[in-house]
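Below is one structure, written out as structure tokens; comments come after it.
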Amino acid sequence: AEGGGSKDDKTSKSKWSRKMSDDQVETLVRNAVSESKGVIKRDDFDAKNISFLSLLDRKVAETALKEVIKRSKNQKVRNRQAYCMGIIIRVVKKETEKTQKEKAGIEEDDKE
């Protein structure tokens, strides 16, 4: 057998298709940097951060960037890129849970 993972692993990755181009994400990041008034810098976002943000809906990406600004105030952080990625991932998990709960509520309503 070649490679790791099962067929299910490979098919489940398809839900993570790009929702925005790198240019669109770059614009969001640059806007967030200017709105932050020096709290965050463009260098705080590496290629991995940009790539991950491109997988998100625009609204979720904007929410994540606002949260990065909020949590970065007065923080001394050694690895800013990793710190920002951690915040972005937390926002994505929170938004995903919220969406799943909303869908579950809709499904429960349909059963009645």
Side-chain angles (χ1 to χ4, degrees):
E2 280 186 40
S6 65
K7 184 179 178 186
D8 291 338
D9 290 342
K10 292 175 184 145
T11 56
S12 68
K13 289 180 185 174
S14 64
K15 72 177 182 177
W16 289 107
S17 60
R18 291 172 63 104
K19 305 250 191 311
M20 292 186 285
S21 70
D22 285 349
D23 288 341
Q24 290 171 312
V25 175
E26 190 67 44
T27 300
L28 287 179
V29 169
R30 290 192 187 281
N31 288 343
V33 167
S34 68
E35 289 171 17
S36 79
K37 297 183 175 95
V39 173
I40 59 173
K41 298 181 180 91
R42 173 58 188 90
D43 292 346
D44 294 346
F45 301 89
D46 61 9
K48 286 181 184 178
N49 297 74
I50 298 297
S51 180
F52 187 70
L53 285 166
S54 75
L55 301 174
L56 307 177
D57 289 325
R58 183 180 196 90
K59 185 178 175 183
V60 175
E62 288 172 344
T63 301
L65 290 169
K66 287 177 184 172
E67 190 68 15
V68 168
I69 294 168
K70 185 173 128 184
R71 290 180 176 264
S72 295
K73 290 180 181 169
N74 304 317
Q75 293 294 320
K76 300 281 187 231
V77 178
R78 202 178 311 166
N79 185 340
R80 301 278 306 170
Q81 290 98 357
Y83 180 74
C84 291
M85 183 64 95
I87 294 169
I88 293 166
I89 289 171
R90 261 184 255 133
V91 169
V92 170
K93 285 181 180 176
K94 186 173 147 186
E95 291 294 320
T96 302
E97 288 172 7
K98 190 164 71 172
T99 302
Q100 287 173 345
K101 285 179 183 175
E102 288 170 0
K103 283 183 181 177
I106 292 168
E107 288 172 13
E108 287 174 14
D109 292 344
D110 290 344
K111 290 177 184 175
E112 292 177 14

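All of these numbers come straight from a predicted model, not from anything done at the bench.
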Rounded to the nearest 0.5 angstrom, the SG-NZ distance for Cys84 and Lys41 is 11.0 Å
Output, in order, the C-alpha distance, side-chain angles, deciding distance and verdict of side chain to side chain contact (heavy atoms under 4.5 Å, CB included) for Arg30 and Arg42.
CA-CA 7 Å; Arg30 290 192 187 281; Arg42 173 58 188 90; 4.1 Å; yes
Determine, stepwise, if the pair Leu55 / Lys19 fulfils side chain to side chain contact (heavy atoms under 4.5 Å, CB included).
CA-CA 5 Å; Leu55 301 174; Lys19 305 250 191 311; 5.7 Å; no
Heavy atoms only: give me the nearest Ile87-Glu67 pair and the separation to one decimal.
CG2-CG, 3.7 Å
Glu97 side-chain N/O to Lys94 backbone N/O, donor-acceptor pair under 3.5 Å
no
Once rounded to the nearest 0.5 Å, what's the spacing between atom OG of Ser34 and atom CD1 of Ile40?
9.0 Å
A side-chain contact here means heavy atoms from C-beta on lying under 4.5 Å apart; do Arg90 and Arg71 qualify?
yes
Do Leu53 and Leu28 make a side-chain contact, defined as non-hydrogen atoms from C-beta onward lying under 4.5 Å apart?
no
Counting N and O atoms only, with roles assigned by atom type, does the side chain of Asp57 sit under 3.5 Å from a partner on the main chain of Lys59, one being a donor and the other an acceptor?
no
Using a 4.5 Å cut-off on heavy atoms from C-beta on, say whether the side chain of Phe45 contacts that of Leu65.
yes
Shortest non-hydrogen contact from Ser54 toward Asp22
CB-OD1, 4.1 Å
Regarding Glu62 and Arg58, does a basic nitrogen lie under 4.0 Å from an acidic carboxylate oxygen?
yes
Would a distance-only check, ignoring hydrogens and angles, find a side-chain to backbone donor-acceptor pair under 3.5 Å from Gln81 to Asp43?
yes
Rounding to 0.5 Å, atoms CE (Met20) and CD (Glu26) come to a distance of 11.5 Å
I'd like to know if the side chain of Ser72 and the backbone of Val68 have a donor-acceptor N/O pair within less than 3.5 Å.
yes
Does some side-chain heavy atom of Val39 sit less than 4.5 Å from a side-chain heavy atom of Gln75?
no
From Thr27 OG1 over to Gln24 CD, what is the distance, rounded to the nearest 0.5 angstrom?
7.5 Å
Donor-acceptor pair, side chain of Ser36 and main chain of Val33, under 3.5 angstrom
yes
Any side-chain heavy atom of Ile88 sitting closer than 4.5 Å to one from Leu56?
yes
